[in-house]
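Only one structure is covered here, and it is reproduced in the block below.
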Amino acid sequence: MDAKRRNSGPPRGGASQAKRGKTGGDWEDSPSIFEEELALFEEADMEAEEREGQAGHDVIPVGELFSTDLNPRWRRPQAAPLNPDSDTLVFQQIDLDYYLGAAVAGMPGQSQGNVPIIRMFGVTDSGNSVCCHVHGFAPYFYIPAPNGFTSDHLSEFKRELNSAVLKDMRYNKDNMSVTVLAVDITHKESMYGYHGKRIADFLRITMAIPRLIAPAKRLLEQGFKFGPFPIQSFSSYEANIDFEIRFMVDSDVVGCCWIELPKGKYRVREERMLGETDAHNPGKVSLCQYEVDVGWTQLISHPAEGEYQRIAPLRVLSFDIECAGRKGIFPEAEKDPVIQIASMVQRQGEKEPFIRTVFTLQSCSSIVGSQVLCFTKESQLLQSWAEFVRTVDADIITGYNIQNFDLPYLLNRAATLKVKLFPYLGRVLGIKSVLRDSSFQSKQMGRRENKILNMEGRVQFDLLQVLLRDYKLRSYTLNAVSFHFLQEQKEDVQHSIITDLQNGNEQTRRRLAVYCLKDAYLPLRLLQKLMCVINYMEMARVTGVPLTYLLSRGQQIKVVSQLLRQAMKQGLVMPVVKPEGGEDYTGATVIEPEKGYYSVPIATLDFSSLYPSIMMAHNLCYTTLLQKGSAEKLGLTPEDFIKTPTGDLFVKSSVRKGLLPDILEDLLSARKKAKAELKKETDPFKKQVLDGRQLALKISANSVYGFTGAQVGKLPCLEISQSVTGFGRQMIEQTKQLVESKYTIANGYQADAKVIYGDTDSVMVKLGVDTVSRAMEVGREAAEWVSSHFTPPIKLEFEKVYYPYLLINKKRYAGLYFSSSADTHDKMDCKGIETVRRDNCTLVANLINTCLQTILIDR
DNA sequence: CACCGTACCTAA
DNA sequence: TAAGTTAGGTACGGTG
Ligand SMILES: Nc1ccn([C@H]2C[C@H](O)[C@@H](COP(=O)(O)OP(=O)(O)OP(=O)(O)O)O2)c(=O)n1
């Protein structure tokens, strides 16, 4: 199944080809290493079998007789009876969405018409699946109350707005009569700008459904008249927040956190027969083992600390399909059959998959360590696999390029063959999985087109998407990636012979099945090795967004989620601003390099987390910004605020502490923890992964700064971003001066120190010392001394010594990197040079690399 | 040949 | 909230 790889490839510029095995001709079956590995699973299974039932390592000619009981391991563990009066239900939530439905009797909120209901999916400690309907939470937004507005005006305002919204609806297909549920007077303050903590009246407008927020906002903006007030235009606040995020912020739920439903506070849904249904007293609508209803204020969300950092035994399903394409033509779902689907299921945290199975079209010889299910009709294969997915009830679905190839292919193929029961892959009964196109564009990641397939309650965790987001690689083929991370290759089968193998005999199809199994196994291995689930969950918890957002959205949503949480604590609300482009602002300084080859140690000093620490040290935030004239108006004395290098004014933390500094503290402390773990870790590969986690948290912290400078973003504030870079420019210049003025012959040092290069937050200093260890000593001392000139938490750190050092140009240099020891270099560090760029062929990279080695190591 | 604008990718 | 930021190198094509 090479089809998908060709489809995906690197976004552009991928130079090297994936390595193919030697020859593709030998169809002889000498057992591969992977087969032996599979066989080992079989042995390990023997013991488990008494507990979990037969693993079922056999060939079953299924024919017409498919049943989800074919393998007792498929089902989740039996769920203990749940008594809501005496049992507390605790689960880890992994996905969250909302739907419109009839209110459930006894639950809070509107009872008439369709109401929004939040749906949380999760897993308990014992591995049972949960679907939790959360009731009574309605969407809302704010506007500033007009002058002279009192509670006497509320009902009139509400009535007028309601009728305006109704009139605005082109077709009111739900026949709604109440669109505005409530209007309340609240005491809030805009987070944009400091205005002397003047709490003002804001109207909180609660709408019946999320979709109505946008029209209500628009109508109020366009000019709205009610009661005795003149027609006026209202600016709105928090009217552009995803409903899921709104709920999570208000109920203090973060992504992947543990949820507790106290006894007596929730209801359990039972299976209902069709016809027994009662709209206000519904039965189960999901495949989850526990399905419950709860009021939104009743659920307890546990912060991810201590025991609540754990991860539930999630079921991770990895799969891969093979299709019989025609020679040289990319498989088309309308024409080319699906001939095999391999699936592996593993519990998060365990080392091996406990389900290993392959569905084949036509007979297939047995494979030790896995179950082979043979079908004679393709439509049956497809339908059975869908049933398999529903039975296994996976929480996380992975594979390689499943999002843009396997899943769409299966869905289209099933549609072609009219397999009616196939496209129900989610956890909610009766919701059909359909394909959608979407495109995602950002400067960070370029333009990315994707297909989207809805699967309520299951998280699609396509490993290719993860790698594209998190790793810059030369090639993203599964083979290249496996080799890179696992030093392992795919089973050697050329895609051109797949059809021939299928048309051969049960031995050749067996060979194909082994290949297919491996392609399902590799993503699972990679997921584990790269600790994707752990890292993504941590990110979801730290930034507060659902797991799925991390693969489908950008950095902004993370900042918004954190901003709203901090703002809510202080009674601040976030304005809606219309995006408008403008001039770019000035960024960082790159010190003009003194190009050349240095055969003396060069010390590198580097501000740690420069921009975040600037924002913390100077209390830069939306809430501390003094807009033009504010300082005078509020009667602030010069001691109350600072003037940044760009001339912008911000109040000091003694007047009010900003939200952004608080957010940054959280992010940096998470990063610090990750760095501490990194330090403790000895396994080099795990070190790399932890470094990746640490880096992701760094980018999240830097994105807080980036967010304020995002002019097409949701709350740009160039005063903040340009002040940050302004401080940065000042600091690198000052650092250079300080170092060069102190370390001089006149001051008793061996030589005059010279800053030969520096970029944004670092200076490379030629100290005039001969040894690495001496450079480290002086470097450390200099860093400490320079730090004392700045406000904490700003800190200059001694980071490394380069010896020797080759400085080619701005942003292009190489050197031997000394940090952990003065005697041996840790690595050869190359920045910006062809060796690290992916728009060169490997020959160039290798050539330059050899040159650099000759120069720097062999001298 | 100088100069400018664009594509691509990287450093920070 | 569709989409973090700017600086800057190299290659290359077009223009005058
Ligand atoms: N993706 C990035 C990387 C950096 N920067 C900005 C903000 C950083 O504070 C500054 C310096 O970048 P570094 O790569 O040196 O990283 P930090 O200083 O943030 O972290 P550390 O040096 O502790 O690793 O550049 C940024 O805006 N976005």
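Any value given below was found using the heavy atoms of this structure, including those in side chains, with hydrogens, waters and symmetry copies removed. In what follows, every chain begins at residue 1, and chains take the letters A, B, ... in the order their sequences are listed.
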With a 4.0 Å cut-off on heavy atoms, is A:Arg837 in touch with a base, just the backbone sugar-phosphate, or nothing at all?
base
Spacing of A:Ile833 atom CD1 relative to B:dC9 atom C1', expressed in whole Å
14 Å
Is A:Gly587 touching bases, backbone alone, or none of the nucleic acid, heavy atoms closer than 4.0 Å?
sugar-phosphate
Applying a 4.0 Å non-hydrogen cut-off, can you work out what A:Asp759 is touching in the nucleic acid: base, sugar-phosphate, or nothing?
sugar-phosphate
Atom CZ of A:Phe727 to atom C1' of C:dT6: distance rounded to whole Å?
18 Å
Determine the contact category for A:Thr708: base if any of its heavy atoms lies under 4.0 Å from a base atom, sugar-phosphate if only primed atoms, P, OP1 or OP2 are that close, otherwise nothing.
nothing
Salt-bridge contact A:Lys811-A:Asp759 (side-chain N to carboxylate O under 4.0 Å):
yes
For the residue pair A:Tyr805 and A:Tyr802, categorise the inter-ring angle as parallel (less than 30°), tilted (30 to 60°) or perpendicular (more than 60°).
parallel
Tell me: NZ of A:Lys472 to C1' of B:dT10, nearest whole Å?
8 Å
For C:dG8, take OP1 and OP2 only and decide whether either is under 4.0 Å from a side-chain N or O of A:Asn809.
no
For the student: nearest non-hydrogen atoms of A:Arg837 and A:Arg474, plus distance
O-NH2, 2.5 Å
Under 4.0 Å, counting only non-hydrogen atoms across every strand here, what does A:Val836 touch: a base, just sugar-phosphate, or nothing?
sugar-phosphate
With a 4.0 Å limit, can you tell me whether A:Arg553 has a side-chain N or O closer than that to the phosphate oxygens OP1/OP2 of C:dA2?
no
Pick base, sugar-phosphate or nothing for A:Val590, based on heavy-atom distances below 4.0 Å to the nucleic acid.
sugar-phosphate
Answer with base, sugar-phosphate or nothing: what part of the nucleic acid does A:Ile557 contact at a heavy-atom distance below 4.0 Å?
sugar-phosphate
Give A:Lys810 one of three labels, base, sugar-phosphate or nothing, depending on what nucleic acid heavy atoms sit under 4.0 Å from its own.
sugar-phosphate
Would you kindly give the CG-to-C1' distance between A:Leu718 and C:dT6, to the nearest whole Å?
12 Å
In whole angstroms, the gap separating C1' of B:dA11 from CG of A:Asn702 amounts to 12 Å
Where the side chain of A:Thr760 is defined as all heavy atoms beyond and including C-beta, which of C:dG9, C:dT6, B:dA12 is the nearest nucleotide?
B:dA12
Specify the residue among A:Thr589 and A:Phe707 whose closest nucleotide of DNA chain C lies further upstream toward the 5′ end.
A:Phe707
So, is A:Arg838 close to the B:dC8 phosphate, meaning a side-chain N or O under 4.0 Å from OP1 or OP2?
no
Using a heavy-atom cut-off of 4.0 Å across all strands, would you classify A:Asp761 as base, sugar-phosphate, or nothing?
sugar-phosphate
Roughly, in whole Å, what's the span from CG in A:Asp606 to C1' in B:dA12?
9 Å
A:Glu456-A:Asn454 side chain donor-acceptor pair, cut-off 3.5 Å:
yes
Atom NZ of A:Lys558 to atom P of C:dT5: distance rounded to whole Å?
14 Å
Roughly how far, to the nearest 0.5 Å, is the SG atom of A:Cys830 from the OH atom of A:Tyr813?
10.0 Å
Using a strict cut-off of less than 4.0 Å between a Lys/Arg side-chain nitrogen and an Asp/Glu carboxylate oxygen, indicate whether A:Arg780 and A:Glu797 qualify as a salt bridge.
no
Nearest to the side chain of A:Gln555 - C:dA2, C:dG4, B:dC8?
C:dG4
Students often get this wrong, so: under 4.0 angstrom with heavy atoms, is A:Tyr549 touching a base, only sugar-phosphate, or nothing?
nothing
On the nucleotide B:dT10, are OP1 or OP2 found under 4.0 Å from the side-chain N or O atoms that A:Tyr813 carries?
no
Separation of C:dA2 C1' from A:Ile452 CD1 (nearest whole Å)
11 Å
Indicate, with a heavy-atom threshold strictly under 4.0 Å, whether A:Tyr585 touches base, sugar-phosphate, or nothing.
sugar-phosphate
Given A:Ser787, A:Pro661, A:Ser613, the one that forms side-chain contact (heavy atoms from CB on, under 4.5 Å) with A:Pro793
A:Ser613
Closest nucleotide among C:dT6, C:dT10, C:dA7 to the A:Lys811 side chain:
C:dA7
